[in-house]
Amino acid sequence: MCGIRKNLFNAKCSIILFLILSQGVCFAAEQATITVVFSSDIEPYRQSYEGFKAFFDEKKMALRAFEHDLDKEDAGVIYSSIKKEKPDLIFTIGTKALQSAKEKITDTPIVFSMVLNPGAMSGPNVAGVSLDIPPEIKLKHIRRILPRKKNIGLIYSPQSELLYEDILNACTELKYHLVSKKISSKTEFPGVLEDISPQVDCFMMTPDTDIYYPKLVEYLLRASLKDKIPVIGLSSNYVKAGALIAFDCDYGDIGNQAGELALEILSGGKQVNSCCVSPRKVKFSLNLMTAERLGVKIPPDIIKQASEVFGK
Amino acid sequence: MNYGISQKVSLLFIILVVVLATTLGYYFIRYQKATLEEEFDEKAKAVLHSLVVSVEYPLLVEDEKTLWILGNGVLQQKDAVFCEIRNKSGKLLFQGGSRNAKYVTQYVSPVLSERVSPLVSEDMILGSENKQTVETGKVYLTFSLEGLMDKLSQANQTIGFLVTGWIVLSCVLISLLTRLILGKPVKELMTGIKKIAEGNLNHKVPIKTQDEIGALAVSFNEMTEHLKKTVDNLNREVAERKKTELALENLNRDLGATVQQLSCSNSQLQDFVHISAHDLKTPVRGISTLADWIANDYGDKFDEHGREQIRLLKKRVVRIDKLIEGMLQFSKITRNRNNEKQVNLNREMAELITKMKPTDKIELAVDSLPVVTGERDHIMQVFENLLTNAVTFMDKPKGLIKVGCVEHGDFWKFYVSDNGPGIEQRYFERIFKIFQTLPKHDEPDTIGVGLAIAKKIIEMYGGKIWVESDPGLGSTFFFTFPKQKEEFCYERTKANTAY
């Protein structure tokens, strides 16, 4: 096995993928050396990593892990350490970790997790689990929770244009009417929101950092209460702040998914190349006080299904 | 110009009050200025901060209408005179107020907004605290300082008025209090001192305060009382002393007269003795000559008894002549300071012994003797008389006479000892009196003048002469003689006489 690994390091970049796959066939899944790179030390990332480790524990597979945190260590130092550690796989948690690993590491498979919109960071040795919940899943939940809402408002910028297309496709598929407007600057947001408000039953936020400054989120939530338009937030934090509903992933399960993916890659059963999977567990949270102020009635069985309920 | 102590103390306190008040006034003005400036600054910053917080959203979306409302709202605040709000690129979104105020200060603050970095877009979902802060614009707020300056001016005036008032009031109070507490008692004390200095020791200082001046007055009154008693005692003593002096003066006068009389009597007596002795000598010699003639012319006509009578007569006449000679010698001894000089006793003693020619039966041992100051004849007369006595009355076949000297304080203590017949103690005083001789030594040659002359000379020099003797074994004559001049030694004489 070691001989194969040495050959893998000596290969040219153009045949990295082939060699990875060849090496995978020969991998005797007894012990894996994996380097874990954190974007920062926050609880969701830790949950993801715990899920990752739990998967290997379930499989009773020895995991030799090296942990690095980009917030605490210099990236250069981390990647020179990684070269010495010679891991079988690099597991990154968060966008920053993936981006740096993708730039520095070309000859080792990288499995990422907790990354939004990972399409922009695809690569031949990169695979992982996205943080994006597929729009159709969200819409299906919305249909269940807010069955009367048919017109969904959306404001997007060039940054979130790809996501917009996904949402548009999902809406078309599930027969929702998407009232959308593209803006080039956040300054247009209030005006556009005012324009589309009369036409929509609820408003869906997108993870767009160019638009959703905290102050604009505040404005949006105030406007939603004023115009009685429910806001579908990006996570339970937004629900807590005043959005009606939001969908969240199970971060531990994302790690578990990433573990599965890693094992498959290490054992050669999965192609690495830009393989990206969506989170398989989706949960939602509700704000009952917002619902009351908006005049939205949510059935009790739905409330029971919610992972978090605010404003009881 | 002379100032009283209360005025000086008042002046000192007034200077202190003025310095203190000025310092405090200056400090208060500084403090007030700093406080007002700080208040102004805090207020301005609070207004600015409030505006910055308020304009964050309208600036983010460049809502000029809201910015106009907020901008004009802030210009309603006191002292706010001019306001500008610009976006990140410097575009003017609001401008209001006037730039014409004379004294102004401008506050500038960036308007910051939080956002999630595109590099960690998942933070939008995960709710991380790690947000990026971006500047979305700037707020320029100008405040007029005229209100602050008016306040400062008013504060300065108030403090100046208070300080001046305080100084004036303090000066008046200090002046009154000092006069009351210090000036009045000191004045009373001074009045008392003046009266006492003028001789009125019955005056009492009427201060009954419990402070140092009161204590001083009490002490002063006690001192006056004591002084009065002392003066009374002194007056009494002076009176007594005057009386004593008068008595002493009378006594001195009487004593002077007595001394003069005594001197005169002494002189007369000396003259009388001298004249008498001189006058007596001629008839005594006549009697002697007559006795000789009788013995020569009629000696063969007398029987043995008659010749014996003539011899006795002759012997008596000779003795009378010796007595007269001794009397003359004794009366001639007087002290003449002009003849005093240093006398080397070793040399003089050697000459004296040569002159005396003692017999072989007598051994004369002389120790080393000092050099003394005095009249040579007097000193050597003493030694000669003492040695003559020792030689004359030596009864031992091997006579031994010793002469020596020891130091005895400021005196020399001389001795002349012999192993002769000795003298009974009862004659120790008598032998120094003129014409007094010992019964068994009543020889024709001795008339009892030698020791009396020696005593007179020694006492004339402030010394003392005495004898110690064991009958049958010998006698030792001691006498003291001053080492230095008489004036010095005279002072010591009294002590010496105690031996």
Side-chain angles (χ1 to χ4, degrees), chain A residues 39-45 47-48 70-71 93-100 113-118 120 130-133 159-160 185-193 205-219 222 233-238 240-241 246-249 251, chain B residues 48-74 84-95 109-139:
Chain A
S39 292
S40 62
D41 188 18
I42 60 172
E43 185 54 27
Y45 291 164
Q47 288 175 14
S48 176
L70 279 169
D71 263 3
I93 306 172
T95 307
K96 205 160 70 173
L98 172 60
Q99 195 170 26
S100 64
S113 73
M114 307 291 282
V115 176
L116 265 178
N117 194 17
S130 160
L131 198 57
D132 295 314
I133 299 167
Q159 191 196 77
S160 52
S185 163
K186 61 188 182 304
T187 57
E188 298 169 30
F189 184 86
V192 170
L193 182 65
M205 288 177 70
T206 55
D208 188 328
T209 57
D210 282 348
I211 297 175
Y212 291 111
Y213 280 61
K215 273 286 165 189
L216 278 180
V217 174
E218 267 181 50
Y219 173 77
R222 276 204 300 271
L234 299 175
S235 69
S236 59
N237 294 325
Y238 293 80
K240 193 177 178 182
F247 301 96
D248 287 290
C249 306
Y251 305 130
Chain B
L48 182 72
H49 179 69
S50 168
L51 181 62
V52 165
V53 171
S54 305
V55 302
E56 185 183 347
Y57 170 71
L59 194 61
L60 204 61
V61 296
E62 297 190 358
D63 180 358
E64 292 188 33
K65 189 179 167 189
T66 307
L67 289 174
W68 189 88
I69 292 167
L70 293 169
N72 280 305
V74 87
E84 259 186 20
I85 302 171
R86 293 174 183 272
N87 71 2
K88 194 169 84 176
S89 55
K91 180 186 168 190
L92 185 64
L93 300 176
F94 170 77
Q95 189 179 62
S109 175
V111 182
L112 304 172
S113 286
E114 284 185 338
R115 66 170 292 190
V116 175
S117 168
L119 294 175
V120 283
S121 55
E122 70 268 22
D123 279 355
M124 287 187 79
I125 291 171
L126 302 176
S128 161
E129 295 295 320
N130 189 19
K131 290 193 173 65
Q132 194 180 31
T133 303
V134 291
E135 185 180 323
T136 52
K138 265 188 181 166
V139 170

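Only this structure's heavy atoms are used, side chains among them; waters, hydrogens and symmetry mates stay out. Letters A, B, ... are given to chains in the order of the sequence lines, protein chains preceding strands, and every chain is numbered from 1.
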Is there a side-chain contact between A:Lys215 and B:Thr136 (heavy atoms, below 4.5 Å)? no

Nearest heavy-atom approach of B:Ser117 to A:Thr209 is O-CG2, 4.0 Å

Assert top hit (heavy-atom pairs under 4.5 Å, partner chain B, pool A:Asp71, A:Asp248, A:Leu98, A:Asp208) equals A:Asp208

If one checks every heavy atom of B:Asp63 against chain A at 4.5 Å, the contacting part turns out to be neither

| task | Evaluate the side-chain proximity of B:Tyr57 to A:Glu218: yes if any heavy-atom separation is below 4.5 Å, no if none is. | result | no

So, the part of A:Glu188 with a heavy atom under 4.5 Å from chain B: the answer is neither

Ranked by heavy-atom pairs below 4.5 Å to chain B, first place among A:Asn117, A:Val115, A:Asp210 goes to A:Asp210

Ranked by heavy-atom pairs below 4.5 Å to chain A, first place among B:Val61, B:Val116, B:Asn87 goes to B:Val61

Rounding to 0.5 Å, atoms OG (A:Ser40) and CG (B:Asp123) come to a distance of 6.5 Å

Comparing B:Ile125, B:Val134, B:Leu59 against chain A, the one with the most heavy-atom pairs below 4.5 Å turns out to be B:Ile125

A:Tyr251 side chain near B:Leu126 side chain, heavy-atom distance below 4.5 Å: yes

So, the part of A:Pro214 with a heavy atom under 4.5 Å from chain B: the answer is both

N/O donor-acceptor pair under 3.5 Å between B:Glu122 side chain and A:Thr95 backbone: yes

Rounded to the nearest 0.5 Å, the CD atom of B:Glu62 sits from the NZ atom of A:Lys186 at a distance of 7.0 Å

CE (B:Met124) and OG1 (A:Thr206) are apart, to the nearest 0.5 Å, by 7.0 Å

CG (A:Leu216) and CZ (B:Arg115) are apart, to the nearest 0.5 Å, by 11.0 Å

Bottom line for A:Tyr213: the part with an atom under 4.5 Å from chain B's heavy atoms is both

Shortest non-hydrogen pair, B:Ser121 vs A:Leu116, comes out as O-CD1, 3.3 Å

